[in-house]
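Remember, it's 1-based here, ligands and their atoms both numbered in the order they're listed.
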Amino acid sequence: MNAISLFEVSKRFGWGERQVQALTAVSLDVPEAAVYGLLGPNGAGKSTLLRIICGLIKADHGQISLFEKPADAQGRAKLGTLIESPTFYPYMTAAQFLAVLANVSGLRPDLDVLFRRVDLSHARDQKISGFSLGMRQRLGVAAALIARPQAVIFDEPTNGLDPDGMIEMRSLIQDLAKQEGIAVLLSSHLLDEVEKVADQVAILSHGEVVSQGRVSDLLGGNEYLWLDAKPHAAVLDRLGDTAWVEGEGIGVNIERSQVPDLLKSLVLQGFDIHQAKWVRPNLEALFLAQTRNERNGVRS
Ligand SMILES: Nc1ncnc2c1ncn2[C@@H]1O[C@H](COP(=O)(O)OP(=O)(O)OP(=O)(O)O)[C@@H](O)[C@H]1O
């Protein structure tokens, strides 16, 4: 079952010369018990998309489904959100804060379990004013989990965290999905973090999805051979359309099984091969390739 589905969602802000097309026909499916990463440069539309799903703003066009039904208040009640930096009351203790939130929502969560889940049991009776950023983020996650959501939406959950904080947040996110079956939709700029945590990703550029799918498929499908072979220009010429300049060497689009034959034939033709390696690009390389036009100010 899909926890969250979007079909051709579009959103424009403003009118006339000042209008901004924030999203154009965005479609994606977030399955239950999966972590789905939303990536994109500043202004790509990530926050707008998350806010539409949560019902904070309305889409102009398209359909939003939650748990296979058109999104409504009932569906949104099953979502937990950490969208903007949550507003905390610094003079309260963490336990008082969660108790107030629970009261306001008419819920009776087991606070002991919640604090254990976000690893804040030791700090439950401390004032929030003394919390580090990582502790505040984890308290924000606890707040998002109060209503026992079936899906959670986190906008930049690792923003500002130190390396230890990131590792903790990553394992918390993975536990939510894998151990508790909660769907997690998160946005992030931290690509290596997303690569470690997400099952699927969508890359947004200028409000459009430029690439999406399972992380393993996206990365596996973009593997290539990297060669340091001389004379450089002659090797490029010999390889034709399958090759391109990649850093100090040459990238070659070729099946892995054909590599030995290619290397043999290059040697027989008198080229010098100094190095050859199989490269599996990471999400950062894919992201840079997919959003290159945007960074150059060109729309594809
Ligand atoms: N309320 C608004 N009024 C006018 N324009 C808006 C509004 N909200 C967002 N935008 C514009 O829509 C586009 C998408 O913004 P959005 O905040 O969704 O991007 P983002 O990918 O979340 O960026 P960031 O990573 O910087 O938060 C941007 O051009 C932004 O300026």
Side-chain angles (χ1 to χ4, degrees), residues 4-30 35-64 66 71 76 79-87 133 136-137 140-141 144 151-161 165-166 169-170 173 184-198 200-213 215 218 283-300:
I4 301 167
S5 295
L6 305 177
F7 181 69
E8 299 197 344
V9 170
S10 297
K11 175 71 184 173
R12 190 173 59 197
F13 290 108
W15 288 272
E17 283 184 6
R18 303 186 73 181
Q19 75 179 27
V20 177
Q21 188 68 38
L23 296 171
T24 305
V26 172
S27 300
L28 56 85
D29 293 315
V30 182
V35 180
Y36 197 107
L38 205 53
L39 307 173
N42 287 340
K46 306 178 297 295
S47 299
T48 302
L49 196 65
L50 298 184
R51 301 179 90 208
I52 286 174
I53 297 168
C54 297
L56 297 172
I57 48 177
K58 280 197 159 178
D60 298 330
H61 300 284
Q63 286 139 35
I64 301 126
L66 298 174
R76 290 198 169 102
L79 295 180
T81 57
L82 180 63
I83 290 275
E84 277 131 9
S85 291
T87 313
L133 189 58
R136 281 168 194 250
Q137 269 315 63
V141 172
V152 289
I153 294 181
F154 294 156
D155 199 3
E156 302 277 358
T158 48
N159 225 3
L161 299 187
M166 283 190 193
M169 184 60 78
R170 197 194 310 151
I173 286 169
V184 182
L185 174 60
L186 59 88
S187 75
S188 183
H189 288 100
L190 303 172
L191 302 173
D192 53 342
E193 280 300 308
V194 175
E195 192 172 326
K196 284 177 195 138
V197 84
Q200 297 187 46
V201 293
I203 299 179
L204 282 180
S205 175
H206 277 300
E208 292 177 39
V209 175
V210 290
S211 189
Q212 72 188 131
V215 174
L218 289 175
L283 216 42
E284 183 165 6
L286 184 68
F287 174 87
L288 290 174
Q290 300 285 8
T291 59
R292 191 165 291 138
N293 284 347
E294 171 157 342
R295 281 175 290 109
N296 292 339
V298 180
R299 294 214 47 182
S300 49

For this session: Kindly indicate, with the supporting measurements, whether the criterion side-chain contact (heavy atoms from CB on, under 4.5 Å) is fulfilled by Ile203 and Gln212.
Result: CA-CA 6 Å; Ile203 299 179; Gln212 72 188 131; over 6 Å; no

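Under 4.0 Å from any atom of ligand 1, one finds heavy atoms of residues Phe13, Val20, Ala22, Pro41, Asn42, Gly43, Ala44, Gly45, Lys46, Ser47, Thr48, His189.
Residues forming a side-chain contact (heavy atoms from CB on, under 4.5 Å) with Glu284 (at least two apart in sequence, or on another chain): Leu191, Asn282, Leu288. In this structure Ser188 satisfies the side-chain contact (heavy atoms from CB on, under 4.5 Å) test together with Glu156, Thr158, Leu186, Leu190, Val194, sequence neighbours excluded.
Sorted by first and then second residue, the salt bridge (Lys or Arg N to Asp or Glu O under 4.0 Å) pairs involving residues 54-64 (not counting sequence neighbours) are Lys11-Asp60.
Applying the side chain to side chain contact (heavy atoms under 4.5 Å, CB included) test between Val30 and each of Ile4, Ile53, Leu6 identifies Ile4 as the sole match.
With rounding to the nearest 0.5 angstrom, the CG atom of Leu79 is 7.5 Å from the CZ atom of Arg76.
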